[in-house]
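The structure presented is a predicted model; accordingly, all values stated were derived computationally and were not measured. Position 1 is the first residue of the sequence, and the numbers go up from there. Each ligand, and each atom within it, is numbered from 1 in the order the structure gives.
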Amino acid sequence: MLGASPITELGLGDDQHYLGVNGMFDQWSALFFEKAEKLNLILNLNNNNQSSNKFLIHYSFIIKKISIDSQYQQTPANWKQNVAKVTENAILTSPEYNKKVIKVSLDLGNLSPYESFAPGDFISVAPENSLESTDQFLLLLGLLDQKDCLFSIKKTSFSDVFDNDKSGIYTENEQSVKTLFEIVRTMLDINSIPKRLFFKYASCFSNLEFEREKLEELGSPEGLDLYYSYIIVPKRTVLETIADFPSLCGNVPVACLLDMFSRIYKKSYSISNYDPDGKQVSLTVAVVSYRKNARMPLRLGTCSNYLLGVEKGSLVTYDLHRGSMTLPPYKGYGHSSTPIIMVGPGTGLAPFMSFLQYRILNGSYNNTLFFGCRSETKDFIYKSDLHELVIKSHLKLFTAFSRDSPNVVYVQNVILEQYKLVADLICNKNAFVYVSGRLGQMPVDVQNAFAEAITKAGVMGMDITQSQNYLIAMKKTGRYQQECWD
Ligand SMILES: Cc1cc2nc3c(=O)[nH]c(=O)nc-3n(C[C@H](O)[C@H](O)[C@H](O)COP(=O)(O)OP(=O)(O)OC[C@H]3O[C@@H](n4cnc5c(N)ncnc54)[C@H](O)[C@@H]3O)c2cc1C
């Protein structure tokens, strides 16, 4: 309309790319600058004598040390945020099992009517680093002697552009006061994988030539292969990386911490209960711990391990969110005669515990659940609750225990075994279908199993393509919903 034309094609970063968003961005930005240069669009930059590969340090926050005799007091850790009290923290898996799933119950207190939650909603929890890893971080950077010093934190005009924190806690002209220890514990994601930007910052502070060169390489597009083999493949954490570069010790200014290191961010958990008073929520959390290989240290998921450690009575910072899955429209308040089919392997079961409690409370008993885990005796979470519902005829339950028999069985296999029931519910009874759990192959395999089931049952003579199209149409009208996560 205004006569503009694109300089280059739109570049879309892909988080799932094996190199992260950089995998796409490097090629795109090289092309963009090449074209922009030809069009003389970066003339001003060159005239200002700023070489395009010179890294400029930005400060999203002003962090100032406060003298001991000042009137400042530490701002509460949960400043301007929702806090919930932990009322229960229990391990749901068997002690013999090497993975843990926990149930964490929280008292949200008195929420306003706008904040009440519905089945399918989730909350996001703000994790904190462990005391040990916080100390280790400060030690590695030579900042341990300042751990109890108070610092004031205030946004700069760069903050909206460069800071990745979307919590909205820091608005202009407001400042909080924290000890250095609290800044690191509650604000920096020190167990995450360092981004390339970290290496750019780090290269400015290293005073050893060899290390500085390596840091520069790791932060540059040319060093992408090194970044891939050194960081991405072993999933090396921030803590392990700074231990590999001792020249950073004593040289990184506190003022740079919030820009140099990724900010810790909230993680989402489906609410796995229904409380008519809207005060109590339970979360069902798979605790992430894994080794990339026998030589690498154990890696611990930040938020799930934080939740594993929260004690009864302690406070957790959270936000409440509307979920993407919603129950069938009601005929009259609360009750719906529409059947539902839920597929929830592992902690994918979490939102369905909430669905079931809500529906049963409202007299909707036509519920079918496909649940899968490794072993009936080790990680069949909520087994007795589900069996009780089966006995009361409030639930049809089908299980798949992948490691209990020589033939590996997953939920999709059991869906196919139940093809007559599944096809009848979907095609004749207008059932709503819900799929929840880890991303990857599961949601695809489950959809294929439903399509095969419909075809095998011979409903309306649909072949496999027609069955797939039928499911796609269901997705469009909200009758097939899924909520899956990485
Ligand atoms: C809407 C929504 C609802 C959710 N509901 C739930 C829920 O009810 N219950 C639940 O447990 N989670 C749920 N999640 C996932 C949850 O938000 C977190 O992503 C999860 O707990 C991991 O967070 P973390 O901080 O512990 O791990 P992180 O520190 O983020 O580490 C996790 C990362 O570690 C890596 N990783 C994990 N295992 C391995 C392995 N074996 N090999 C290599 N790399 C590995 C993966 O890259 C993974 O992304 C939900 C997510 C969303 C978006």
Side-chain angles (χ1 to χ4, degrees), residues 15-20 89 91-93 98-106 117-130 133 186 188-195 231-240 261-273 281-294 296-310 316-326 342 344-355 371 373-374 379 381-382 434-440 442-443 481-486:
D15 228 7
Q16 304 294 317
H17 190 287
Y18 75 104
L19 292 170
N89 192 346
I91 296 176
L92 301 177
T93 37
N98 62 355
K99 301 259 176 211
K100 288 190 181 87
V101 177
I102 53 171
K103 178 181 175 189
V104 180
S105 301
L106 305 171
F117 64 90
D121 287 351
F122 62 93
I123 71 170
S124 55
V125 172
E128 292 169 2
N129 295 307
S130 70
S133 55
T186 61
L188 305 186
D189 200 356
I190 60 180
N191 279 311
S192 64
I193 287 170
K195 301 249 163 60
I231 294 292
I232 294 191
V233 173
K235 296 215 168 195
R236 203 176 297 277
T237 65
V238 163
L239 269 183
E240 290 160 12
F261 296 96
S262 294
R263 297 284 295 281
I264 211 162
Y265 63 94
K266 292 185 179 131
K267 297 283 172 66
S268 306
Y269 296 96
S270 303
I271 295 174
S272 53
N273 70 313
V281 298
S282 291
L283 311 178
T284 307
V285 180
V287 180
V288 174
S289 73
Y290 64 95
R291 250 178 237 283
K292 278 303 280 181
N293 60 48
M296 296 302 289
L298 190 68
R299 306 251 185 268
L300 302 176
T302 306
C303 194
S304 52
N305 282 279
Y306 160 70
L307 286 170
L308 177 67
V310 293
V316 165
T317 306
Y318 76 95
D319 286 328
L320 192 57
H321 301 271
R322 290 279 157 259
S324 62
M325 294 193 297
T326 51
M342 298 160 284
T347 45
L349 176 59
F352 302 142
M353 293 306 288
S354 168
F355 276 20
F371 172 74
C373 64
R374 287 184 174 214
D379 58 340
I381 53 174
Y382 301 119
Y434 301 92
V435 183
S436 160
R438 295 285 303 268
L439 265 173
M442 185 278 288
Q481 304 176 26
Q482 57 187 42
E483 186 154 84
C484 297
W485 55 83
D486 180 21

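The distance from ligand 1 to the heavy atoms of Ala350 drops below 4.0 Å at these ligand atoms: 8 (O). The contact set between ligand 1 and Asp486, taken as ligand atoms under 4.0 Å from a residue heavy atom, comprises 49 (O).
Residue contacts with ligand 1 for Cys303 involve both N, CA, C or O and side-chain atoms from C-beta outward (heavy atoms, distance under 4.0 Å). Contacts with ligand 1 closer than 4.0 Å are made by backbone heavy atoms (N, CA, C, O) of Thr284 only, the side chain lying farther away.
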>> Test side chain to side chain contact (heavy atoms under 4.5 Å, CB included) on Tyr306 and Val310; report intermediate values, then the result.
In response: CA-CA 6 Å; Tyr306 160 70; Val310 293; 3.7 Å; yes

> Can you list the steps and then say if Leu308 with Lys100 is a side chain to side chain contact (heavy atoms under 4.5 Å, CB included)?
Replying inline: CA-CA 9 Å; Leu308 177 67; Lys100 288 190 181 87; 3.9 Å; yes

> How far apart are the C-alpha atoms of Asp379 and Lys99, what are their side-chain angles, what is the distance that settles it, and do they pass the salt bridge (charged side-chain N to carboxylate O under 4.0 Å, His left out) test?
Replying inline: CA-CA 8 Å; Asp379 58 340; Lys99 301 259 176 211; over 6 Å; no

>> Determine whether Ile264 and Thr186 satisfy the following criterion, side chain to side chain contact (heavy atoms under 4.5 Å, CB included), listing intermediate values before the conclusion.
In response: CA-CA 7 Å; Ile264 211 162; Thr186 61; 5.9 Å; no

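The shortest N or O to N or O distance between Leu300 and ligand 1 is not under 3.5 Å. Checked by distance only, ligand 1 and Val285 stay at 3.5 Å or farther apart across all their nitrogen or oxygen atoms. Checked against a 3.5 angstrom limit, the closest N/O atoms of Glu483 and ligand 1 fall outside it. Here's the thing with Ser270: one of its N/O atoms is less than 3.5 angstrom from an N/O atom of ligand 1. The distance criterion of under 3.5 Å between nitrogen or oxygen atoms is not met by Lys292 with respect to ligand 1.
Looking only at heavy atoms of the protein, atom 30 (O) of ligand 1 is closest to Lys267 NZ, 2.8 Å. Taking atom 16 (C) of ligand 1 as the reference point, the nearest protein heavy-atom neighbour is Ser268 O, 3.3 Å. Summary of contacts: the protein heavy atom closest to atom 20 (C) of ligand 1 is Tyr269 OH, 3.8 Å. For atom 42 (N) of ligand 1, the nearest protein heavy atom (residue, atom name, distance) is Tyr290 CD1, 3.4 Å. The protein atom (non-hydrogen) at minimum distance from atom 46 (C) of ligand 1 is Lys235 NZ, 3.6 Å. The nearest heavy-atom contact from the protein to atom 29 (O) of ligand 1 is Thr302 N, 2.9 Å. The shortest contact between atom 15 (C) of ligand 1 and any protein heavy atom is with Trp485 CD1, 3.2 Å. For atom 26 (O) of ligand 1, the nearest non-hydrogen atom of the protein is Ser304 OG, 2.5 Å.
Checked by atom type and distance alone, the side chain of Asp121 never pairs as donor or acceptor with a backbone atom of Leu320 at under 3.5 Å.
From Tyr269, atom OH reaches atom CD1 of Ile123 across 10.0 Å, with rounding to the nearest 0.5 Å. Once rounded to the nearest 0.5 Å, the distance linking OH of Tyr382 with CG of Leu349 reads 7.5 Å. Between the OG atom of Ser130 and the CG atom of Asn191 there is a distance of 7.0 Å, given to the nearest 0.5 Å.
Checking atom 50 (C) of ligand 1 against the protein gives a heavy-atom contact under 4.0 Å.
No side-chain donor from either of Ser124 and Ser268 sits under 3.5 Å from a side-chain acceptor of the other.
A 4.5 Å side-chain heavy-atom check between Trp485 and Arg438 finds at least one atom pair inside the cut-off.
In this pair, His321 and Phe122 present their aromatic rings parallel. The plane angle is below 30°, not in the 30 to 60° band.
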